[in-house]
Amino acid sequence: MIKHEIEALILGSVRAAQHAGELPPLPVPEAPIERPQRPDHGDYASSLPLRMARAARMSPLEIANAIASQARSLAESTVVAQVEVSPPGFINIHLSPVWLALQVDTIIQEGASFGSMNLGEGRSLQVEFVSANPVGPIHIGNGRGLALGDTLARVLSAAGYEVQREYLVNDAGTQTETFAATLYARYQQLFGRDAPVPEGGYPGEYMIDLARRLKEERGDSLLRPEEEAYPQEVHDLGIQMILDGIRADLESIGVRYDNWFSERSLYAGGTYEKAMTVLRERGFVAQKEGATWFVSTAVGEEKENVLVRSNGAPTYFASDIAYHYDKFVLRGFERVIDVSGADHQGHVPRMKAAASALGIDPSRLAIIVYQLGTLKRGNEVVGLGKRTGEFITLREVTDEVGADAARYNFVSRSADSHMEFDLDLAKRQSAENPVYYVQYAHARIAGILIQAGERIIDYSSGDVSLLTHEAELALIRKMLRLPELVESMALSLEPHALPYYALELATAFHDFYEKCRVLSDDEALSKARLKLVSAAKITLARALDLMGMTAPERM
RNA sequence: GCCCCGGUAGCUCAGUUGGACAGAGCGGCGGUUUCCUAAACCGUAGGUCACAGGUUCGAGUCCUGUCCGGGGCGCCA
């Protein structure tokens, strides 16, 4: 990656200057290079001189000159065109236009793998996201987690990790019991019984639909005497129906999991007992007030938390500890990323503490918490988070604005932002939407390539060194940023830069398209530009694919 | 009361581990089409970066406090 080469060049130049006695032998600060905002500041810039000035007891300009002159002699002139010093002490590096043009061939050669790298070195990594309780359809709040988790998985996979997407099915907790009780109440109502929806149950309409389906499929066979609780079958069938619905919801936004993990299996398979035993043996468990507690002060947690309730039922926390024991110890993932909504925020520190208590380095566990925000439709504003009777389902959104627009909008906000998703806006704007702007660039390119195919132009021999127009070089520069972006997203676990990048790439293409005609009488130039355009197509398609979006051939 | 997150253009949001004149999309205003898709392009207006201090060569970015909003706070998940 060119960025790393320039980084190495700057660091090498600092070292050379130190060897030559032009700079004192001080440690070099982090982050040697950055991307300047203004194009006339070059492709890369370094502010090291400014940051080293104090310790070196030299003026920033002196330092900059020392480093720059070393860089000029170290740099390959075919790659770096110019190294200049700019007050008050920046070093600006301009890449050679010829080198830039040649990268078009490289991109075409890499094809669909352009942007991939081996940062992860094939290490196993799991992304678990959404894992909504199987008590209702996927709602809009989950949609954000879906887009975030799936994009993260795609980015990390591109960065060289062996990625698995997992959905934890909470089929063992209190909530599914409440769900089953609600379902059974609705079911009984269909047979004329006066069975109220239980306290804290699920008042949504969909529960009545589920009950109807239950009646259609099983008749009255699930009815029990008035005073009795629901039969296990109601619980299991209900969850099964919900899960089928969830799978279909996920399909509507193009998310597919590699593994569906049953919480119940933690108990049936003995994992839960094993994890608790480990905690106990390591001295993190105590009995108090009739319950079993996780004593976490030893691993830096301030509060203690209940593992097993006084009624003998394990808490979600205990279950999650067993679950992570399974992930790290039994299944051996080197890294695990959990994506969850801000309503789980309080769960983060104690889960980290629990990992430590299990002897797992907590840095192997990343928990990404996204803020919930609101959804706006007309004048109605709905919270994205709360479990309420009335909510907007993911399906409503994907039906209205489409999977691509939904994903683009979800991914384009940082996880920390309290996003406002304006449904009407997303629909109304659809023609002027950035989503279509980006996809249109891809379709435009496809159109050009189709015409080239009809004219039977073979551009494989095109000479990319003919690409010297400023708009051509700007487009190439933008394409070369993709690998850097994948790398930084894989490190920061923040994929929201992707939509912005796709937009900039599309802008660079549209600008080129206006200024440079691809298919013209100049045959050599046409071939060169066909190469450029097909490289741009590769890059755009990759950017879209990383977001799980389609790259249409025509619009 | 304590903890987490946010407050940047009319709206929705970026701002690359402190760097050069604070950006984008949408919306507003004004233009561009005999020519590979006008779902495009060009121009223009719009800012006390919530507020007050502090740290330093330099702060939207780091620290302290205040205000406003969202979320959470030992036997829900």
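In the text below, chain A, chain B and the rest are named by the order of the sequence lines, each starting its count at 1. Model, not experiment: these values are computed from the prediction.
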Quick one: is A/S417 getting a side-chain N or O under 4.0 Å of the B/A14 phosphate, OP1 or OP2?
-> yes
A/Q371 vs B/G70: side-chain N/O to OP1/OP2 distance below 4.0 Å = no
How long is the span from the CG atom in A/L525 to the CG atom in A/L519, to the nearest 0.5 Å?
-> 10.5 Å
Mind checking A/Q345 for me? I need base, sugar-phosphate or nothing, with any heavy atom below 4.0 Å counting as a touch.
-> base
Under 4.0 angstrom, heavy atoms only, what part of the nucleic acid is A/A497 near: base, sugar-phosphate, or nothing?
-> nothing
Of all the nucleotides listed (B/G70, B/C41, B/G19), which has the minimum atom distance to the side chain of A/E514?
-> B/C41
CG of A/D521 versus P of B/C35: gap in Å, rounded?
-> 15 Å
Name the residue closer to the 5' end of RNA chain B, choosing between A/W293 and A/Q451 according to the nucleotide with the nearest heavy atom.
-> A/Q451
Ignoring the backbone of A/L503, work out which of B/A77, B/C13, B/G25 is nearest its side chain.
-> B/G25
Is B/C73 paired to anything, Watson-Crick or G-U wobble with both distances less than 3.5 Å, and if yes, which nucleotide?
-> B/G1
Side-chain N,O (A/H344) to OP1/OP2 (B/C76) below 4.0 Å | no
Return the nearest nucleotide to the side chain of A/R35; candidates are B/G70, B/U16, B/C35.
-> B/U16
Rounded to the nearest 0.5 angstrom, the CZ-OG1 distance for A/R280 and A/T292 is 7.5 Å
Can you tell me if the side-chain N/O atoms of A/R554 get under 4.0 Å from OP1 or OP2 in B/A39?
-> no
Heavy-atom side-chain proximity of A/S296 to A/R350 below 4.5 angstrom = no
Nearest-Å distance for atom pair OH/C1', residues A/Y500 and B/U12 | 8 Å
Select from A/D416 and A/S47 the residue whose nearest nucleotide in RNA chain B is closer to the 5' end of that strand.
-> A/D416
Ignoring backbone atoms, test whether A/T174 places a side-chain nitrogen or oxygen under 4.0 Å from the OP1 or OP2 oxygen of B/A77.
-> yes
What nucleotide among B/A40, B/G69, B/G19 has an atom nearest to a side-chain atom of A/L50?
-> B/G19
Of all the choices, B/G19, B/A77, B/G69, which nucleotide is nearest to the side chain of A/Q175 once you look at every atom?
-> B/A77
Go ahead and name the base partner of B/A14; Watson-Crick or wobble counts if both distances stay under 3.5 Å, otherwise write none.
-> none
Compare the minimum distances between each of B/A14, B/C41, B/G71 and the side chain of A/D511, then state the nucleotide with the smallest one.
-> B/C41
Shortest side-chain distance from A/P434, nucleotide among B/C36, B/G25, B/A77 | B/G25
Is the centre of the A/H510 ring less than 6.0 Å from the centre of the A/Y437 ring?
-> yes
Interatomic distance where NE2 belongs to A/H139 and C1' belongs to B/A77 [whole Å] | 12 Å
Applying the 3.5 Å cut-off to both distances, the Watson-Crick or G-U partner of B/A22 turns out to be none
Apply the side chain to side chain contact (heavy atoms under 4.5 Å, CB included) test between A/F90 and each candidate in A/P36, A/S47, A/S46; give the one that qualifies.
-> A/S47
Is the shortest side-chain N/O distance from A/S414 to OP1 or OP2 of B/A14 below 4.0 Å?
-> yes
Any strand: nucleotide that pairs with B/U55 via Watson-Crick or wobble, under 3.5 Å = none
Would you say A/H41 stacks on B/A20, if stacking means ring centres under 5.5 Å apart and planes within less than 30 degrees?
-> yes
Write down the partner of B/U66 under the Watson-Crick or G-U wobble criteria, each distance required to be under 3.5 Å.
-> B/A50
Regarding the side chain of A/H510, the nearest nucleotide among B/A77, B/G74, B/A40 is B/A40
For A/N92, report the nucleic acid contact type (base, sugar-phosphate, nothing); a contact means any heavy atom under 4.0 Å.
-> base
Does any non-hydrogen side-chain atom of A/H442 lie less than 4.5 Å from one of A/Q439?
-> no
Listed nucleotide nearest any side-chain atom of A/R517, set B/A14, B/A20, B/C36 = B/C36
Is A/Y437 stacked on the base of B/A40 when the test is centres under 5.5 angstrom and planes under 30 degrees?
-> no
Give none if B/A40 has no partner; otherwise give the nucleotide forming a Watson-Crick or G-U wobble pair with it, both distances under 3.5 Å.
-> B/U32
Candidate list A/R477, A/R529, A/K515, test side chain to side chain donor-acceptor pair (under 3.5 Å), partner A/E472, passing option = A/R529
Testing B/A20, B/G71, B/A77 for proximity to the side chain of A/T315, the answer is B/A77
Is A/N311 touching bases, backbone alone, or none of the nucleic acid, heavy atoms closer than 4.0 Å?
-> nothing
